[in-house]
Amino acid sequence: MLMNGYVMAALAALVFSYAVTALARGLNVRSLQNALPAEFSGVYDATDYANSQAYVRAGAGLAAIEETAGLLLTAGFIVCGGFGWLDGWTRSLGYSELSTGLIFIGSLTLVQAVFGLPFEVWNTFVLEARFGFNTTTVKVFITDRLKGMALGLVLGGVLLTAVLVLFQQLGDWAWLAAWGTVTLFTVVMLLVAPVWILPLFNTFKPLEPGPLRQAIEAYATGQGFSLSGIFVMDGSKRSTKANAFFTGFGKRKRISLYDTLINRLTTEELVAVLAHEVGHSKHHHLVKGLLLAVAKMGALLFVLQLFLSGGEFQRGFGVSVPSVHAGLMLFGLVYQPVALALSVLANAFSRRWEYQADAFAAAGQGGPQAMVDALKALSVANLSNLTPHPLMVWLNYSHPPVLARIRAITGQA
């Protein structure tokens, strides 16, 4: 059994992240209010509002079980010398350093996936089904996981191989080369994913001619906003929840509307949703978000480079031969509090940008009411928590709570 300063530091990082997340989750459940906010009077009926709160409690309960089990499993693996054992086993296979690293990281990734699978199954076929959301069949669920695994092996394997080779071969400048490689990979994926990857999971059909398409095209043309396509995605294949999203840059921008969204919103409300996304583009939020992510990745890789220079930390976990692959996985443990802090910062920027996009949409042809009505309809459709605790928002919300958004749009904030 391992128990030294390095192991204690890693366990402390894990427990800290777990405790902060658990505190936010507990406060979030306690912040649920029986009284329906006035803004949703006539929108939420008593049954739906009670269901939205039960949904929050059920999700919190499942998350608590999964995170507690994950913490215990990870801590047990560390204390029992799991990293040292796995490194020894992979090295005993007699492959090259690169192949050893890929097997080492692949094994841990597989264990993590197997651990999470029962919780995914429960969430999909029990929790989501209980609240009327799930439409996923067992066949679709299994196919999704197999496709995701194949993509992970191909795309993730290529990127991981490149990063391992760079850190193994380039010494002190490896982080810079890895940063450029990861950045290039990210940009390429942003361009090709809508065309080649997303269609592996969903069917995208051009929006049929009619009043909705005419309204969307008229608004986009009026804003000087070029669209390479307007598509309907079969979101109902997996869930009754509604959403929409933009992909692409420049002249490759395209909007995808869930079929469930089209069924729930009026044409005016759907145009308001489009206006919100146009607002993101007009304020260059997509580019800013990409730059923020790239900067974050650069900082992470630089710190990783410094971390890998100290072999004593790895030896503290029973790894007899310090390596890039073992250092990378151990770095992920002690880095968790920093990752949590960086996600808080990224979410703060994202929430600010959502307010700006809302304001842009509210100034459009439908006025503030169309955007407010769209937000209300989406909240009811997705059983959104109307009164999340500020700590939960601060830690996890990339979008402001819906009440805060409505009050900002109507000038009541």
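The analysis underlying the following values was restricted to heavy atoms, covering all of them including side chains, and did not include hydrogens, waters or symmetry mates.
With Y397 as the aromatic partner, R351 does not meet the cation-pi criteria of under 6.0 angstrom to the ring centre and within 45 degrees of the ring axis. Cation-pi contact between R57 and Y55: absent, since separation from the ring centre below 6.0 Å together with deviation from the ring axis within 45° is not met.
Proximity of N123 to E128: side-chain heavy atoms (C-beta onward) are separated by under 4.5 Å at one or more points. For the pair P401 and V393, the minimum side-chain heavy-atom distance is below 4.5 Å. The shortest distance between side-chain heavy atoms of V294 and W179 falls below 4.5 Å. Here the side chains of F167 and W175 are in contact, with some heavy-atom distance below 4.5 Å. Looking at heavy atoms from C-beta onward, I406 lies in side-chain contact with F40 at the 4.5 angstrom threshold. Under the 4.5 Å side-chain criterion, counting only non-hydrogen atoms from C-beta, N243 is not in contact with L257. V278 places a side-chain heavy atom less than 4.5 Å from the side chain of Y219.
A side-chain donor-acceptor contact under 3.5 Å links T181 to the backbone of A177. At least one donor-acceptor pair under 3.5 Å links the side chain of S31 to the backbone N or O of T387. The closest donor-acceptor contact from the side chain of Q168 to the backbone of V324 lies at 3.5 Å or more, if one exists at all. Looking only at distances, no side-chain donor or acceptor of K376 sits under 3.5 Å from a matching main-chain atom of Y44. Although no hydrogens or angles enter the test, the distance criterion places a donor-acceptor pair under 3.5 Å between the side chain of S92 and the main chain of W89.
Within a 6.0 Å radius of CZ in F16, no more than 12 heavy atoms belonging to other residues, nucleotides or ligands are found. Environment of CZ in R352: sparse, with no more than 12 heavy atoms of neighbouring residues, nucleotides or ligands closer than 6.0 Å. Residue E120 places its CD atom among more than 12 non-hydrogen atoms of other residues, nucleotides or ligands, all under 6.0 Å distant.
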Problem set entry | From CA spacing to verdict: side-chain contact (heavy atoms from CB on, under 4.5 Å), R405, H399 | CA-CA 9 Å; R405 295 177 68 178; H399 288 54; 3.8 Å; yes
Problem set entry | Candidate pair Y6 and R315, rule side-chain contact (heavy atoms from CB on, under 4.5 Å), full reasoning | CA-CA 9 Å; Y6 298 118; R315 293 189 182 94; over 6 Å; no
For this session: Verify side-chain contact (heavy atoms from CB on, under 4.5 Å) between R407 and E39, making sure each step is shown before the conclusion.
Result: CA-CA 9 Å; R407 290 165 184 171; E39 288 86 348; 2.7 Å; yes
Problem set entry | Q223/F360 under side-chain contact (heavy atoms from CB on, under 4.5 Å): CA gap, chis, key distance, verdict | CA-CA 11 Å; Q223 293 294 327; F360 184 91; 3.4 Å; yes
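A salt bridge links R91 with E97; the closest basic N to acidic carboxylate O contact falls under 4.0 Å.
Proximity of the aromatic rings of F313 and F307 is defined here by a centroid distance below 6.0 angstrom, and this criterion is met. Note: F225 and F246 meet the aromatic proximity criterion, with ring centroids under 6.0 Å apart.
Ring geometry for W353 against F349 counts as tilted: the plane angle lies between 30° and 60°, on a 0 to 90° scale.
None of T260, T135, D259, N263 except one satisfies the side-chain hydrogen bond (donor to acceptor under 3.5 Å, both in side chains) rule with S236; the exception is D259.
Side chain to side chain, T183 and T186 fail the donor-acceptor criterion of an N or O pair below 3.5 Å. Side-chain contact, S384 with N382: no donor N or O sits under 3.5 Å from an acceptor N or O. Side chains of E354 and H280: a donor-acceptor N/O pair is present below 3.5 angstrom, by distance only.
Between atom CG of residue D48 and atom OG of residue S379 there is a gap of 12.0 Å, rounded to the nearest 0.5 Å.
Qualifying side-chain hydrogen bond (donor to acceptor under 3.5 Å, both in side chains) partners for Q214, counting only residues two or more places apart in sequence or in other chains: none.
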Please set out all donor-acceptor pairs under 3.5 angstrom arising from side-chain atoms of residues 198-207, sequence neighbours excluded.
unit_1	atom_1	unit_2	atom_2	d
N202	OD1	R238	NH1	3.2
N202	ND2	D234	OD1	3.1

Anything under 3.5 Å between a donor and an acceptor, one on a side chain of residues 61-81, the other on a protein residue two or more places apart or in another chain? List them.
unit_1	atom_1	unit_2	atom_2	d
E67	OE1	R25	NH1	2.9
E67	OE2	R25	NH1	3.3
T68	OG1	Y18	OH	2.6
T68	OG1	A64	O	2.7
T74	OG1	G70	O	2.8

